[in-house]
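Since the structure comes first, as C-alpha cells, the remarks are kept for the end.
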Amino acid sequence: MAKTALITGILGQDGPYLAKLLIEKGYKVYGLMRRYSQPHMGNLKFLGLDKTVELVEGDLTDESSLLNLIKIVRPSEVYNLAAQSFVGSSWDQAKLTTEINSLGVLYLLNSIKFFSPTTKYYQASTSEMFGLANDGGYQDENTNFHPRSPYGISKVYSYWMTVNFRESYGLFTTNGILFNHESPLRGIQFVTRKITDGVARIKLGLAENIALGNLDAKRDWGFAGDYVEAMYLMMQAEQPDDYVIGSGETHAVSEFVKLAFAEIGITDWEKYVTIDARFKRPAEVPHLQARASKAETKLGWKPKVTFQELVKMMVEADIKRLQK
Ligand code: NAP
Ligand code: F7E
C-alpha cells in the first residue's frame, strides 16, 4: 500500500517542495490549509501540484480539527510545516505566534497519540532557537538555545514537546533544526525574496531602490528544495532523532544584496539601497552558521545548491515572474 503523508503549511514555501518530493516517491499527499474564501494556490501551481495534492481544511489553533483529521486520515507520516514563521511580526503578534507554533504542535502531537500512534511526526524546528548562542561560531545539536524573538521562543517549546512525546510515549517524533532556506517560492517579506524581487523591479524600471534594515546580520542560507530531502530522510531513519540542517557557510545580508545586484550588472549597489529603521528588530540574531555533520554522517545528507546559485535562481525567477 502507498504511504500517506499529511503536510501542514502546504501553501507556504516548503510545503510544495516537500509534496513534490513525496509524490515522486509514490506517496499520497494530503495538504492542510486554513479556510479561505479564496485560497492562494500560487506556490503549488508553480510546481505543478495544484491538482495532485489533496487539500484538507483545518487550523493549528483548532484542536478538534486536528483530532478529526488524524482520526480520519491516519497518515503514515505528518510533516508539521505550518507556522507563523515571520520573525519580524512575532513581537507584535506574540500570542498568535505562540498559539500556532507552540500550542498547535501540542494539539497535533496529542491527536497522533490518541488516534494514530504509529504515525511518524516531523517538527519544523529552527536555527532561530539558537539565537545568540554559538560554539566557536557554529551551532549544532549540542549548542544551547538562546532565542531572541517570540518566534524563536515559541519554537523552543515545540522542539521540547516533540522530544517529550518521543521520550514519554515512544512515538516516532523528530526535529529538523533547519537553518534559513530560500527559493523562488519564499514569502516576499523575508529578506532574500525582498531583495531579489526589488532587484528584478529595478532592472525592469519598476522601482528605484530597496529599503532594508540590518545589513550586517549573518545567515546560513540554503535552497529549500535541498532541505526538504533532509526532512524526508529523517523520517526514514531507523530511530527518531533531532538534526541540524544547514550549509555550513555564513553570509551577511549585504553579501546577498551585492550578489543579487551583480546578477543584473550593477556593482555600485549601495546607491540603490536605503536603510529604514522599521525593518530592524528589537533583538537581532547576529550570526548563524550550521555544523550539520550529524546529518551528513547519519542520513547521508548534503546540500547541493550553492549560495551563489541560489541568489541567481531567485533573481532570474523574479525577473521572469514580473515580465509575465
Ligand atoms: P511559510 O512559507 O511561512 O509557510 C507556513 C505555512 O503555515 C503557511 O502556508 C501558512 O498558511 C501556514 N499556517 C500558518 N498558520 C497556520 C494555522 N494556524 N493553521 C494552519 N496553517 C497555518 O514557511 P516556510 O518557509 O515554508 O517554513 C516551513 C516551516 O519551517 C515553518 O514552520 C517555519 O517556521 C519553519 N522553518 C523555516 C525556515 C526557513 O528558512 N524557511 C527555517 C527553519 C524553520 P497561510 O498560507 O494561510 O498563511
Ligand atoms: O531575516 C535581516 C533581518 O526575515 C534575515 C524564517 O524563515 O529563517 C527565517 O527567519 C535577516 C535578519 O529571516 C531586512 O534582521 C535586514 O537578520 O529573511 P528574514 P529570519 O529572521 O532569519 C529562520 C531560520 C526561520 O525559522 C524563520 O521562520 O535579514 N534584514 N533587512 C531584514 N529582514 C527582513 N525580513 N526584511 C528586511 O528589510
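Remember, it's 1-based here, ligands and their atoms both numbered in the order they're listed. Residues take their numbers from the sequence shown, with the count starting at 1.
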(request) Would you check if there is a donor-acceptor pair between the side chains of T97 and N101 at a distance under 3.5 Å? (result) no
(request) With heavy atoms only and a cut-off of under 4.0 Å, state how Y36 meets ligand 1: side chain, backbone, both or neither. (result) side chain
(request) Please work out whether any backbone atom (N, CA, C, O) or any side-chain heavy atom from C-beta onward of M33 is under 4.0 Å from ligand 1, and answer side chain, backbone, both or neither. (result) neither
(request) May I ask you to test the R148-R281 pair for a side-chain heavy-atom distance under 4.5 Å? (result) no
(request) Can you pull out the closest protein heavy atom to atom 36 (N) of ligand 1? Residue, atom name and distance to 0.1 Å, please. (result) Y151 OH, 3.9 Å
(request) Would you mind listing which atoms of ligand 2 come within a distance below 4.0 Å of any non-hydrogen atom of F86? (result) 4 (O), 35 (N)
(message) If the test is side chain to side chain donor-acceptor pair (under 3.5 Å), which one of K294, Q123, R166 qualifies with D242?
(response) R166
(message) If I compare all heavy atoms of M313 with all of P184, which pair ends up nearest, and what's the gap?
(response) SD-CD, 3.7 Å
(request) Within a distance under 4.0 Å of any heavy atom of N180, pick out the atoms of ligand 1 and give their elements. (result) 40 (O)
(request) Report yes if Y151 has an N/O atom closer than 3.5 Å to an N/O atom of ligand 2; otherwise report no. (result) yes
(request) Output the list of atoms in ligand 2 that are nearer than 4.0 Å to some heavy atom of T126, sorted by atom number. (result) 23 (C), 24 (C), 25 (C), 26 (O)
(request) Using heavy-atom distances, let me know which of V253, L288, D216 sits nearest atom 29 (O) of ligand 2. (result) V253
(request) Within a distance under 4.0 Å of any heavy atom of S85, pick out the atoms of ligand 1 and give their elements. (result) 1 (P), 3 (O), 23 (O), 33 (C), 34 (O)
(request) Could you tell me whether I100 approaches ligand 1 through its side chain, its backbone, both or neither, with non-hydrogen atoms closer than 4.0 Å? (result) side chain
(request) Write out the residue and atom name of the closest protein heavy atom to atom 8 (O) of ligand 2, then the distance separating them to 0.1 Å. (result) N180 ND2, 3.0 Å
(request) Please report which non-hydrogen protein atom sits nearest to atom 10 (O) of ligand 2, along with the residue it belongs to and the distance in Å to one decimal place. (result) V87 CG2, 3.6 Å
(request) For atom 21 (O) of ligand 2, grab the closest protein heavy atom and report residue, atom and distance to one decimal in Å. (result) R281 NH1, 2.5 Å
(message) I need the atoms of ligand 1 closer than 4.0 Å to a non-hydrogen atom of S125, numbered in the order shown.
(response) 43 (C), 44 (C)
(request) With heavy atoms only and a cut-off of under 4.0 Å, state how A224 meets ligand 1: side chain, backbone, both or neither. (result) neither
(message) I want to confirm something. Looking only at heavy atoms, which of Q189, K280, R219 is nearest to atom 12 (C) of ligand 2?
(response) R219
(message) Give me the residue, atom name and distance of the protein heavy atom closest to atom 18 (N) of ligand 1.
(response) D59 OD1, 2.8 Å
(message) Using 30° and 60° as the class boundaries, would you call the ring planes of F223 and Y17 parallel, tilted or perpendicular?
(response) perpendicular
(request) Please answer whether the main-chain N or O of F115 pairs with a side-chain N or O of R74 as donor and acceptor at a distance below 3.5 Å. (result) yes
(request) Give a yes/no verdict on whether any heavy atom in R186 is under 4.0 Å from an atom of ligand 2. (result) yes
(message) Looking at every heavy atom in both V53 and A19, which two are closest together, and how far apart are they?
(response) CG2-CB, 3.9 Å
(message) Which heavy atom of P147 sits nearest to which heavy atom of V156, and what is that distance?
(response) CG-CG2, 3.9 Å
(request) Examine Y227 together with W301 and report whether their ring centres are nearer than 6.0 Å. (result) yes
(request) Check the surroundings of atom CG in D62: do more than 12 heavy atoms from other residues, nucleotides or ligands lie under 6.0 Å from it? (result) yes
(message) Counting only heavy atoms closer than 4.0 Å, does ligand 1 sit against the backbone of H181, its side chain, both, or neither?
(response) both
(message) Under a 4.0 angstrom heavy-atom cut-off, which atoms of ligand 1 come close to A124?
(response) 29 (C), 30 (O), 32 (O), 35 (C)
(message) Considering S158, A82, S183 one by one, which has a heavy atom nearer to atom 21 (N) of ligand 1 than any of the others?
(response) A82
(message) With the threshold set at under 4.0 angstrom, would you say R186 reaches ligand 1 through any of its heavy atoms?
(response) yes
(request) Give the residue and atom name of whichever protein heavy atom lies nearest to atom 28 (O) of ligand 2, and the separation in Å to one decimal. (result) S85 O, 2.7 Å
(request) Specify the protein heavy atom at minimum distance from atom 16 (C) of ligand 2: its residue, its atom name, and the distance to 0.1 Å. (result) N214 O, 3.2 Å
(message) Students should be able to answer this: which protein heavy-atom is nearest to atom 30 (N) of ligand 2, and at what distance?
(response) V191 CG2, 3.7 Å
(message) Which heavy atom of V285 sits nearest to which heavy atom of G131, and what is that distance?
(response) CG1-O, 3.5 Å
(request) Could you tell me whether L212 approaches ligand 2 through its side chain, its backbone, both or neither, with non-hydrogen atoms closer than 4.0 Å? (result) both
(message) Tell me the protein heavy atom at minimum distance from atom 14 (C) of ligand 1, and give that distance in Å.
(response) A83 O, 3.2 Å
(message) Out of all atoms in ligand 1, which are within 4.0 Å of some heavy atom of G12? Include the element for each.
(response) 2 (O), 4 (O), 9 (O)
(request) Using a strict 4.0 Å cut-off to heavy atoms of S127, name the atoms of ligand 2 that fall inside it. (result) 24 (C)
(message) Is the ring pair F86/F190 parallel, tilted or perpendicular, if the boundaries are 30 and 60 degrees?
(response) perpendicular
(request) Check whether the side chains of Q13 and S183 place a donor and an acceptor atom closer than 3.5 Å, and report yes or no. (result) yes
(request) For the residue pair Y159 and F145, categorise the inter-ring angle as parallel (less than 30°), tilted (30 to 60°) or perpendicular (more than 60°). (result) perpendicular
(message) I need the contact type for E128 against ligand 1. Using non-hydrogen atoms and a strict under-4.0 Å cut-off, is it side chain, backbone, both or neither?
(response) neither
(message) Please check if the number of heavy atoms outside Q239 that lie under 6.0 Å from its CD is greater than 12.
(response) no
(message) Could you tell me, atom by atom, which parts of ligand 2 come under 4.0 Å of a heavy atom of A217?
(response) 17 (O)
(message) So which atom in T174 and which in D241 form the shortest heavy-atom distance, rounded to 0.1 Å?
(response) OG1-O, 2.5 Å
(request) From atom 38 (O) of ligand 2, work out which of Q13, K194, E284 has a heavy atom at the shortest distance. (result) K194
(message) For atom 20 (C) of ligand 1, what's the nearest protein heavy-atom neighbour? Residue, atom name and distance, please.
(response) R34 CG, 3.5 Å
(request) Could you find the nearest protein heavy atom to atom 31 (N) of ligand 2 and give me its residue, atom name and distance? (result) G213 N, 2.8 Å
